[in-house]
Structure formats: C-alpha cells, structure tokens
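Because only heavy atoms are used, hydrogens play no part in the values below, and waters and symmetry mates are left out as well, while side chains stay in. Note that the structure is a prediction, hence the values are computed from the model and not measured. Throughout, protein chains are lettered first and strands after them, A, B, ... in sequence-line order, and every chain is numbered starting at 1.
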Number of protein chains: 2
Amino acid sequence: MASDKDYVLDDQVGFLMRRATQRHLGIFGSQITDLTPTQFAALAKLCEIGEVSQNALGRATAMDAATIKGVVDRLRKKGFISDAPDPTDQRRLLLKPTASAWENYDALVGAAHQISSDTLDPLTEGEQAIFLMLLRKLI
Amino acid sequence: MASDKDYVLDDQVGFLMRRATQRHLGIFGSQITDLTPTQFAALAKLCEIGEVSQNALGRATAMDAATIKGVVDRLRKKGFISDAPDPTDQRRLLLKPTASAWENYDALVGAAHQISSDTLDPLTEGEQAIFLMLLRKLI
DNA sequence: TCAAGATTGTTTGTACGCAAACGGATTTTG
DNA sequence: CAAAATCCGTTTGCGTACAAACAATCTTGA
C-alpha cells in the first residue's frame with residue numbers, strides 16, 4: 001500500500017504549475033513573436049500607467065530590480081520606451097511609452113486576449129472562472 | 001464603460017500563474033536550501049526511475065535536452081548522480097542515483113510534501129482538489 | 001543493404017529570475 | 001540638524017529555459 005510519505009512528482013502543485021506555464025508560454029510564442037511574455041507584460045503595464053519609474057514598473061509587474069532593468073533595456077532597444085531623469089528625485093529614471101509602443105500594444109492586445117483564452121480553452125467557462133478565482137488566492 | 005478590448009494584466013492567467021509560481025518558489029527556497037526546485041524534481045524522478053538516460057530524465061521532468069544537461073551537471077557535482085555509458089547504445093549516458101542521493105532524497109521528502117501543502121494552504125481541502133484537477137487539464 | 005531519418009548529448013546565444021553587494025539620493029527619526 | 005534607514009538604479013553570479021546548430025550513433029524503409 002502507498003505510504004503517506006510517497007512523493008509522486010507528477011502530482012505536486014509546483015510541477016503541475018511549471019508544466020502549465022510551459023504550455024502557456026508555448027501558446028504565447030506561437031501568437032506573439034516580437035515580444036516575450038515578460039516584455040509584453042511590462043509594455044502593457046507601462047501603457048496602462050503612462051509614466052513610471054523603473055523600479056515601480058518592476059513592482060507593478062512582479063519583477064525585481066535586476067530583472068526589470070534587463071526587460072526595460074530590451075524594450076528601449078526596440079524603441080518602445082523613452083526615459084528621462086525625474087526632476088523631483090535624482091535617483092529615479094522616469095519611463096514613458098513611445099508612440100511606437102502604443103501602436104504595437106494596440107495591435108497586440110487582441111492576440112494577448114486570444115492567448116489567455118487559448119490557455120484556458122481546455123476548461124469550461126465555469127471552470128475557467130473557478131480556476132482564476134483559486135489561482136488568485138495562491139499569490 | 002469598459003470595452004471588450006480592455007487588457008488588464010493583473011487578470012491574465014499567465015500573469016497570475018507567474019505570480020503563483022513565484023510564491024511557490026519562495027516557499028520552496030525557505031524550506032529546502034541545498035537543492036533548487038528543478039534539481040529536486042530531477043533527483044526525485046531519478047530515484048523513482050532508478051536508472052535512465054539523460055534525455056529521458058529530461059522528458060520525465062519536462063526539461064529539454066539543454067536544460068537537463070545543466071541540471072544533471074550540477075547534481076553530479078553535488079555527488080548525487082553517477083553515470084556510465086550505456087553498453088547497448090553508445091550515444092546514451094546512463095544515470096543512476098548515488099547512495100548520497102538516496103539519503104538526501106529520503107531526508108527531504110517530508111519537506112517537499114510540506115512545501116506542496118504550504119503552497120496550497122490558502123485553499124480549503126475541497127478547493128485544493130479542484131485546483132489540482134483543473135491545473136492538470138491545462139497541461 | 002544502405003541511404004534517409006531520427007535520437008543522443010553538446011555547445012552557443014538569448015532571456016528571465018533572484019540574491020547580494022554597491023554608491024548615490026532621499027526620507028525618517030532621534 | 002544629523003544619523004540611520006530606506007530607496008534608486010546598477011552590477012555580478014548563478015540557475016533555469018528554450019532555440020538552433022552540430023557530430024556521433026542508432027533505426028528504418030526502400
């Protein structure tokens with residue numbers, strides 16, 4: 001008989017979440033190729049907020065200071081972020097989306113919705129709502 | 001009024017899964033410090049299987065060939081994996097857990113169970129079962 | 001049988017993701 | 001007001017993760 005101590009990797013929540021994330025990233029990559037999911041998240045938040053410091057954008061997108069720096073660097077290289085020193089705080093780098101950022105964001109929002117929809121497609125609508133509700137409790 | 005096209009990052013399944021995974025990795029790191037979650041997954045599978053080629057271990061743990069190579073290299077450096085060429089297939093590297101691997105695995109299984117339990121702790125037992133069931137459908 | 005195709009392990013390059021440390025700027029507090 | 005604490009952006013180092021390419025080795029099919 002199975003002991004309480006049995007450990008089946010494939011039944012562990014961490015392993016299942018990693019695999020579900022892998023599938024989601026595959027869906028994302030097949031529909032949006034110019035930006036990574038992380039870059040799109042930062043772009044979306046930046047367009048949502050409008051003007052924000054680098055670290056604050058990181059907090060808003062759940063990326064630490066080291067991670068958001070690399071993401072912002074790559075978005076700037078793509079021409080999606082312009083920055084200027086904050087006149088009221090000399091430590092801060094004030095980020096703003098460029099016109100090109102808005103164009104790309106607007107063009108990609110539909111695909112982004114589709115990606116979320118495709119990710120949840122194996123579930124019924126009711127299950128999707130339950131899943132998202134439970135997922136929110138695990139943050 | 002909100003348009004159908006509104007995109008709220010914080011409501012997207014990908015973003016929520018990333019944050020839930022972050023929380024889980026934090027819980028893991030606070031209870032198991034000698035091994036990363038990925039390394040523990042590979043170790044657990046290796047102990048479960050017993051003897052397996054490197055790429056096959058990667059498939060069993062949802063890691064591609066490049067990723068599993070690095071993980072195996074680090075586990076070997078820690079003394080948890082011994083390898084030998086497969087006599088029946090000269091391409092294959094046959095991996096086996098060392099005695100030290102078994103000792104460490106046995107010693108850590110309890111913590112691993114606790115990590116899964118802590119990760120799901122915000123949910124009731126019924127919710128946990130539902131969440132895992134839905135998560136499995138999203139793989 | 002033997003050429004075509006697949007698989008094994010490897011390397012390189014890019015991109016998160018986090019810990020830790022750092023100097024400089026700002027805020028808090030004693 | 002000055003010291004302590006905090007926050008800002010940066011760098012380094014390590015560990016996933018995956019794409020793409022590669023040589024060596026099997027396997028298959030005509």
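Among the nucleotides D:dG9, D:dT10, C:dG9, the one closest to any side-chain atom of A:Lys69 is D:dT10. Comparing C:dG9, C:dA15, D:dG9 against the side chain of A:Gln39 picks out C:dA15 as the nearest. Comparing D:dA19, D:dT11, C:dT26 against the side chain of A:Arg91 picks out C:dT26 as the nearest. Of all nucleotides listed (C:dC16, C:dT10, C:dT26), C:dT10 comes nearest to the side chain of B:Gln54. The side chain of B:Ala66 has D:dC18 as its nearest neighbour among C:dT10, C:dC18, D:dC18.
Under 4.0 angstrom from either OP1 or OP2 of D:dT16 there lies no side-chain N or O belonging to B:Thr67. Applying the 4.0 Å criterion to OP1 and OP2 of C:dG24, one finds that A:Gln90 has every side-chain N and O outside that range. Phosphate contact (OP1/OP2 of C:dA15, side-chain N/O of A:Thr38, threshold under 4.0 Å): absent.
Between A:Asp73 atom CG and D:dT12 atom P there is a gap of 13 Å when expressed in whole angstrom units. Atoms CG (B:Leu95) and C1' (C:dT8) sit 12 Å apart, rounded to a whole Å. Taking atom CG of A:Asp86 as the reference point, atom C1' of D:dG9 lies 13 Å away to the nearest angstrom. At whole-Å resolution of the value, CD in B:Gln22 and P in C:dC16 are 13 Å apart. Straight-line distance from the CZ atom of B:Arg76 to the P atom of C:dG9: 11 Å, rounded to whole Å. Taking atom CD1 on A:Ile68 and atom P on D:dT11, their separation rounds to 16 Å, with Å as the unit. The distance between atom NZ of B:Lys78 and atom P of D:dC14, rounded to the nearest whole Å, is 12 Å. Atom pair A:Ile81:CD1 and D:dG9:C1' shows a separation of 14 Å (rounding to whole Å applied).
Salt-bridge annotation for A:Lys45 and B:Asp10: present, with a side-chain N of the basic residue lying under 4.0 Å from a carboxylate O of the acidic one. Here A:Asp73 pairs with A:Lys69 in a salt bridge; the nearest charged N to carboxylate O distance falls below 4.0 Å.
End-to-end axis angle of the helix from C:dT1-D:dA30 to C:dG30-D:dC1, using five pairs per end and rounding to 10°, comes to 20°.
Ring pair A:Tyr7/B:Phe40: centre-to-centre distance below 6.0 Å.
Looking only at distances, no side-chain donor or acceptor of B:Gln128 sits under 3.5 Å from a matching main-chain atom of B:Glu125.
Looking at heavy-atom distances under 4.0 Å, B:Asp89 makes contact with sugar-phosphate atoms alone, never a base. Looking at heavy-atom distances under 4.0 Å, B:Thr36 makes contact with sugar-phosphate atoms alone, never a base.
Separation of atoms CG (A:Asp34) and CG (A:Leu108) is listed at 7.0 Å; rounding is to 0.5 Å. Atom-to-atom distance recorded for B:Ile139:CD1 and A:Arg23:CZ is 9.0 Å, nearest 0.5 angstrom.
Of the two residues contacting DNA chain D, namely A:Arg18 and A:Asn55, the nearest-nucleotide position lying further toward the 5' end is that of A:Asn55. The residue among A:Arg74 and B:Arg59 whose nearest nucleotide of DNA chain C lies closer to the 5′ end is B:Arg59.
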Which pairs of donor and acceptor atoms, one on a side chain in residues 95-102 of chain B, lie under 3.5 Å apart (sequence neighbours left out)?
| residue | atom | partner | partner atom | Å |
| --- | --- | --- | --- | --- |
| B:Thr98 | OG1 | B:Gly79 | O | 2.7 |
| B:Thr98 | OG1 | B:Ser100 | N | 3.4 |
| B:Thr98 | OG1 | B:Ala101 | N | 3.1 |

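Using a 4.5 Å heavy-atom threshold, the side chains of B:Gln54 and B:Arg92 count as separate.
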